[in-house]
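All chains are named by letter (A, B, ...) in the order of the sequence lines, taking the proteins before the strands, and each is independently numbered beginning at 1.
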Amino acid sequence: MKLELDSGLVAEAHGLADEIAAPVLDFARAHTTVAIERTVARLFGVDGVDDLGVPLPNVLVDALGPRLCRGLAMPLAAACADGRTPQQVAEAVAAGAPLADPPDEALPDARRLAARLAENADAAILACRAERSRLIEQYGDPSTPWIYVIVATGNIREDARQAQAAARAGADVVAVIRSTAQSLIDYVPYGETTEGFGGTYATQANFRRVRAALDEVMPEVGRYLRLTNYASGLCMPEIAACGAMERLDMMLNDSMYGILFRDINPQRTFCDQYVSRMINGRAGIIINTGEDNYLTTAPGHEAGHTVIASNFINRALALAAGIPEPQIGLGHAFEIDPDRPGQLMEEWAIALLIRELFPRCPLKYMPPTKHVTGDIFRTQSLGTLFNLVGVATGQHIQLLSILTEAVHTPFMSDRMLAIQDARRVFEAARPLRESLQAVPGGPLEQRAQLVLREAVELLRQVAEAGMFEAVERGWFADTPRPRDGGRGLEGVAERDPAYMNPFLELWEPTLAEAASA
Amino acid sequence: MKLELDSGLVAEAHGLADEIAAPVLDFARAHTTVAIERTVARLFGVDGVDDLGVPLPNVLVDALGPRLCRGLAMPLAAACADGRTPQQVAEAVAAGAPLADPPDEALPDARRLAARLAENADAAILACRAERSRLIEQYGDPSTPWIYVIVATGNIREDARQAQAAARAGADVVAVIRSTAQSLIDYVPYGETTEGFGGTYATQANFRRVRAALDEVMPEVGRYLRLTNYASGLCMPEIAACGAMERLDMMLNDSMYGILFRDINPQRTFCDQYVSRMINGRAGIIINTGEDNYLTTAPGHEAGHTVIASNFINRALALAAGIPEPQIGLGHAFEIDPDRPGQLMEEWAIALLIRELFPRCPLKYMPPTKHVTGDIFRTQSLGTLFNLVGVATGQHIQLLSILTEAVHTPFMSDRMLAIQDARRVFEAARPLRESLQAVPGGPLEQRAQLVLREAVELLRQVAEAGMFEAVERGWFADTPRPRDGGRGLEGVAERDPAYMNPFLELWEPTLAEAASA
Amino acid sequence: MPEIVPYGDTLGDGMVQLSFTLPAPADARARELGLQFLRNTGFLEPQIVHIGAADRDMTFYVAYARAPRGVDPAEITASEVEAPELSFSQINALIERELGRRMVVIGAAIESDAHTVGIDAIMNMKGFAGDYGLERYPWIEAVNLGAQVPCERLVREAQERRADAILVSQVVTQKQVHARQLTKLVDLLEAEQLRDRYLLVCGGPRLSNTFAKELGYDAGFGPGSRPSHVAAWMARELVARTTAARQGDG
Amino acid sequence: MPEIVPYGDTLGDGMVQLSFTLPAPADARARELGLQFLRNTGFLEPQIVHIGAADRDMTFYVAYARAPRGVDPAEITASEVEAPELSFSQINALIERELGRRMVVIGAAIESDAHTVGIDAIMNMKGFAGDYGLERYPWIEAVNLGAQVPCERLVREAQERRADAILVSQVVTQKQVHARQLTKLVDLLEAEQLRDRYLLVCGGPRLSNTFAKELGYDAGFGPGSRPSHVAAWMARELVARTTAARQGDG
Ligand code: B12
Ligand code: B12
Ligand SMILES: Cc1ncc(COP(=O)(O)O)c(C=O)c1O
Ligand SMILES: Cc1ncc(COP(=O)(O)O)c(C=O)c1O
């Protein structure tokens, strides 16, 4: 399938996206957040909770207080000068010991130790990444579109069991949905969890459990199975760190989702997304952006161009954080009202357009959700058309439509039916991609060209107004968010000249090169 | 949607079809059958049954005995010389009176009376046809693909009620399915019937009842509603006559179906189909051919070309019987195993090929049936893909897929779900037809070209061997049928030089002109 | 009035379609297991029309069967919220005439629920399916607090704004979380003796009027609700209550 | 052994999906009517998730509910036909060795049933899903009479050809026509004291082994049956019977 696109327009779009990303990045590089510093603690090996159940990374960062602006690394490393591990220091602090500022003469050693601790963490992350490559070598990679399903029982044990069932049924990627509103809590829960609504918590232990469950069935199903969670909300970089250490393969990790859909403060999110993405990039994790959500609050027929404009921006911000295109899973969705005449042609046009605009990105295609109803037979049919468009336009990651989308989180059998339908449609329709092409000047091609023009126009306005302004005006997802509103602003601090973060020092120099991989 | 086809090959196919049809037509014109003569009786106005429940047309033709070869018209008309109606004569014969041969001196009057009776019948048929045009004028014609559903409760009253429900739900065409094996009984039952398996009987009274039910809802739904039944089996021409008098709009009326799928004698069928089609043509009834059935006994992937070859032959035989292309609803089907890789591309290719081969024919597209199972969710999805291909390739009459096809004759709700899906897919996908085209040399175009070549090759062989021979060898539907085998041969007689049939005399001179309309 | 039974293709056939998964292997006894389950549930002439393995020890079934009994329509009293079909201007007129002041409505998706599209569809300008939202009504003062609003805050705001009606949206129903959260609000209001002060209304795709009433709400609106329908009901109800109150006084 | 209940997304949740049509208008009481019907049927916590008008006075429902009870796997004794997994050549070898003559099998779609694809799949050379049909077996003499064969004719042919087994296909089941036609054959055989002379086997997409046995058949094969499975069962059964008979004699 090919489309006639104005290459000049495409080039302009990329240019505008870089222009829009620059100030956001400058802002992120001039600030830090409690989540970023907790991430330093985690990567230094701090884990566990105190008697009140407060995670030790939070204990340490709380202990920093106003010193947040200088970062956790130096005080923590300095405290380890006596040979203790960061974990032991954290436990001491939890027990009431102070977290002192290192005296000037201790700085060089502390700096050296911090650097070493960072290198160890980095090595562990790269080891996980290597392990993934080895397993993909061994078990092979599935053909695209990858079959992506969610498990959301709210109990990690049921989730693990259903993840295995899904894999046996033919799933290639399993996402464990988080509990409602985890994104709004300013810490990462500890240990395995067996409750939650609409899902259960993203915790390192839960990651480990489902990872093990999938690894267990890989030999049986004979292909590498990918695990996904959400590096999203108020703990973006911390969750990215947990995922990097437990070999997650994908993370929902958007530069704006938290702002728009969880009312998290924009400044906080722009800082957190930068560091979380650096980690995802380093870990070889494919990020999934969340533009699909725009069409749940804005009408799919009119807002298609906002998705594409955002794709350009998300891509630019990801590249700047060192994520190469093959790891940038740009999101979009099949969300035009199915009862709208010509809907399928329009969906086909958008899917094809995005495919051609980002040829190297593993596109994540989201199913119809907002316009599906309790009529499960109708939803089943819409899923079939969604699967058809997915394979006919060469999407890479297909999040399957579930016939009970409007009813409940998926039953095991709902997921099985979805997987069976996707496999059947993908096999039956795969040759359509080389069989059909857009009629020049036909309705589909014209639709694609129109939406591209609208997207570029929006990018021009955003570049003009600036990102913070655009968000305040509700240009994305019809949801206005003030620069100083939302949750988590108190956790943001402007970096002090003395700010030190060994991971940034280790990684930032490599980003440009990494991104061009 | 366009396809590159070898116009030379297409022309050759039409030529071969005419060649194949010629001897079949010569045979039909040299013989008559009990069904044809009973049709004369019915068109003369004979109806009803005797004390034993035997229809009066059968009583008359049985009375003819060996004189079948000369036809019923003259004896019956002669008997009316005394001013009785054919009906009164029939009742007398039923009561035991003989049906005498007219003395020579009575022949001219008898001939004149027969001609007048035929003209009256013809006028009635044309009046029905005019009424249809008037109603289409008044209520309008639906857009294509027409939504065609079946009712098959086995009780004509439930059928009528469900026909109305279907119309309100959005059906454009309603077919009342016949009772299992009606095709094997050598008479047309009388009156309204409330039993039967898999459907109820095709009777003139049943036609009238459902016709009235549909006419009743036309004002409410605001479009002309078409009624369909089966001029098929051992009573092809008689049922065509009943339909012509009760304003049916379509008839399943195939030149070979009875032979292949009901083991009816080939000679009998070839004679009956000729006369039944003459009536359908005259009545403005759209015939539906039954090639879709081939793929229920032969594998869809390999036998696609037999469908197309048969389409050419059915068309040639229909034209020869005076049916113009706009009334020739050539049948084909979506019957390739859905689990076969590339199935959807192959279905798309065939549907597009047939569409382009017969641009003026209202193609009848049949749904997946043989490969569907009790997994109603899978069947629902297959129906959706079938609807998509139907609208994207511009089919004219879409017989809807029913999610319980493998389970039971459709429930009212099954039909409703099917109609809702078809309407949604048709509206959502209509612009695809002008939006997409076959990639030159791509898999789809190559597939279409291959199947066309295979079809022409088969036509060459049939032309070579002759139709009777081809049927004996099982070249169609993998079902061999000997020339002298099957049911109903005893009802065939070679015409005597004195054979007289006023309808043939009235219509045969007009056929060529009618066909070119 | 006699019971009516499900209709398959003949009046009285009682046919029902089912699908379910049993935690047992899809082996030679699977069909009988499924049939027996349906018989235990009371169904007549069960037919298993599809069996598939959902996992090692999980079997998925599609079945048809005759319902053991039907339902008597006369039994049914409860119904969806019934409100007069009033137009935008009729509703405004009613409030103006009978109340003489703007009706104050405050709404939110409470507690853990972040789904605002539903409440927005009722309250925001745009409305739903071409039907204007409450904000558009000159005689309604509509305040939409948005997503994940704690009950405590909602009650506080209602008092401060002297609201006439509280509109709550609950979309996530897993493990009955909506029931718990909706009940929490009622308890809170009753604890503070505020319950009678407000028209208490909830809505969501899995909510029904009956269920809402069981939980102690005045009305519950389900999927596809239209703002004008909600507004008409609130206006009429409020007017009724205030006139009743007046008569009480006088 | 304890009862197992349907599995939705948690062990023990008992969730079942239903759809059905009630002959009543899709009005404000429709939801309650559907819920009450499900309660009457015994379901717990019924949820109506979709309501649509199927016609003027017909309402279509999609629902989820918890089953009132489950099923005890220990109860289940009946099962599909269990036959040894024998290969083409093993089956031929078995017949050659134990019977020493070809096994004669005669088949047909009887009475009003014109569906031959099923019986053909079992008997004809081609077979089914890559599994050879009975005609291919050198040690089986397979005669397929085809469609709509009257029972009388089938019995006559079976006698003339000294058949060991009679295979009957029934596909149309509407109004239990298959049950009636299958019973007709059994009655006929018994009337002529021929029943014990043959392995009597039926098959079809809506048939199960249990149902077949209730009707007086030796075995019944359902959807997706494979010729080799049918052949293996017949061969083993026939061998068993003849050896039993021999011992009876000797
Ligand atoms: C859009 C959407 C989202 C968006 C919400 C964006 C937003 N700002 O609202 C996003 C992507 C953020 C989201 C997130 C989640 N979602 Co969500 N989401 C949906 C989706 C696709 C559509 C809902 C919708 O907008 N419908 C359109 C509106 C107009 O319809 P409505 O809500 O029914 O409202 C109408 C009526 O109900 C009524 N009404 C509703 N509220 C009120 C209130 C009053 C007072 C009145 C009078 C009337 C009324 O009037 C409205 C107009 O007619 C549904 C699936 C579906 N198709 O229903 C899932 C769904 C609701 N989500 C679900 C889940 C589980 C989640 C998550 C928890 C998943 C996760 N763990 O990440 C998260 C977290 C959300 C949270 N913390 O609560 C589940 C809930 C399952 C269940 N029954 O418990 C669903 C059903 C999907 C599924 N099958 O899993 N979701
Ligand atoms: C093909 C077909 C036809 C063809 C038959 C061609 C032929 N020569 O067989 C044609 C077009 C002629 C036809 C006509 C009719 N059909 Co029909 N047909 C079908 C269809 C689409 C597929 C059946 C099929 O071939 N399946 C493939 C085979 C391989 O599967 P199978 O039969 O289940 O066989 C397997 C097993 O059951 C088993 N098996 C079967 N028989 C036997 C026997 C033995 C001894 C053994 C051991 C095993 C065994 O082994 C086989 C291989 O695994 C079904 C719908 C469906 N998808 O099931 C409708 C269907 C069976 N037909 C139906 C009807 C109603 C009819 C008609 C009566 C409709 C009408 N009034 O015109 C007519 C008349 C037929 C008659 N007089 O009986 C209904 C039956 C409804 C019901 N349950 O009562 C169905 C279900 C469609 C529907 N939903 O309405 N039909
Ligand atoms: C980018 C992104 N992050 C996170 C989520 C999940 O929401 P929550 O933050 O409530 O886990 C989604 C769900 O759609 C998403 O798209
Ligand atoms: C051409 C044709 N005639 C008739 C029928 C119906 O079969 P019967 O002759 O049993 O009514 C069909 C069914 O598919 C058909 O296609």
Side-chain angles (χ1 to χ4, degrees), chain B residues 152-155 161-169 177 179-185 195-200 217 220 261-263 293 295-299 337 339 369-370 372-377 403-409 411-417 419-420 477-479 481 486-487, chain D residues 17-23 26 50-63 108-121 124-130 144-150 170-181 204-208 222-224:
Chain B
T153 67
N155 175 330
R161 175 196 203 316
Q162 296 203 13
Q164 291 188 326
R168 290 197 198 92
I177 302 290
S179 179
T180 305
Q182 168 168 9
S183 41
L184 304 185
I185 54 179
E195 68 232 347
F197 305 115
T200 192
V217 288
E220 178 187 339
F261 297 91
R262 291 291 175 275
D263 196 10
N293 300 288
L295 305 185
T296 61
T297 48
D337 184 344
D339 297 332
T369 62
K370 179 177 173 178
V372 304
T373 67
D375 179 351
I376 59 175
F377 301 101
L403 82 166
T404 52
E405 167 63 18
V407 181
H408 47 232
T409 45
F411 285 179
M412 174 185 275
S413 57
D414 298 338
R415 202 180 295 111
M416 174 199 71
L417 289 171
I419 292 170
Q420 289 173 347
D478 279 3
T479 310
R481 298 295 192 194
R487 302 177 168 80
Chain D
Q17 173 269 326
L18 300 96
S19 73
F20 53 91
T21 302
L22 289 176
H50 174 67
I51 294 180
D55 194 13
R56 284 218 194 98
D57 295 346
M58 288 280 175
T59 305
F60 176 67
Y61 296 89
V62 176
I110 60 169
E111 297 293 315
S112 66
D113 208 315
H115 293 88
T116 55
V117 179
I119 187 80
D120 291 350
N124 296 7
M125 287 288 170
K126 199 161 154 210
F128 183 71
N144 183 350
L145 300 179
Q148 303 189 334
V149 177
Q170 285 287 277
V171 174
V172 178
T173 61
Q174 212 189 28
K175 298 182 180 162
Q176 303 296 314
V177 60
H178 64 310
R180 246 170 287 124
Q181 295 182 161
R206 299 272 76 80
L207 292 183
S208 74

Against chain D, label [X] side chain, backbone, both or neither, depending on which of its atoms sit under 4.5 Å from a heavy atom there.
X        : value
B:Ser183 : neither
B:Gln182 : neither
B:Ala166 : neither
B:Asp478 : side chain

Side chain, backbone, both or neither of D:Ala121 within contact of chain B (heavy atoms, under 4.5 Å):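 Looking at D:Ala121, nothing touches chain B.
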Closest heavy-atom pair and its distance - [X], [Y]:
X        : Y        : value
D:Asp55  : B:Arg161 : OD2-NH1, 3.2 Å
B:Arg262 : D:Ala114 : NH1-CB, 4.0 Å
D:Lys126 : B:Thr297 : NZ-O, 4.2 Å
D:Ala54  : B:Ala165 : O-CB, 4.3 Å
B:Gly196 : D:Gln174 : O-OE1, 4.2 Å

Hey, could you give me the CZ/NE2 distance between D:Arg206 and B:His408, rounded to the nearest 0.5 Å? 9.5 Å
What distance do B:Thr296 atom OG1 and D:His115 atom NE2 have between them, rounded to the nearest 0.5 Å?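 The NE2 atom of D:His115 is 8.5 Å from OG1 of B:Thr296, to the nearest 0.5 Å.
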How about D:Thr21 and B:Met416: do any of their side-chain heavy atoms sit closer than 4.5 Å? no
Can you find a heavy atom in the side chain of D:Met58 that is under 4.5 Å from one in the side chain of B:Arg168? no
Under 4.5 Å, counting heavy-atom pairs only, tell me which of B:Thr409, B:Ile419, B:Thr373 racks up the most with chain D. B:Thr409
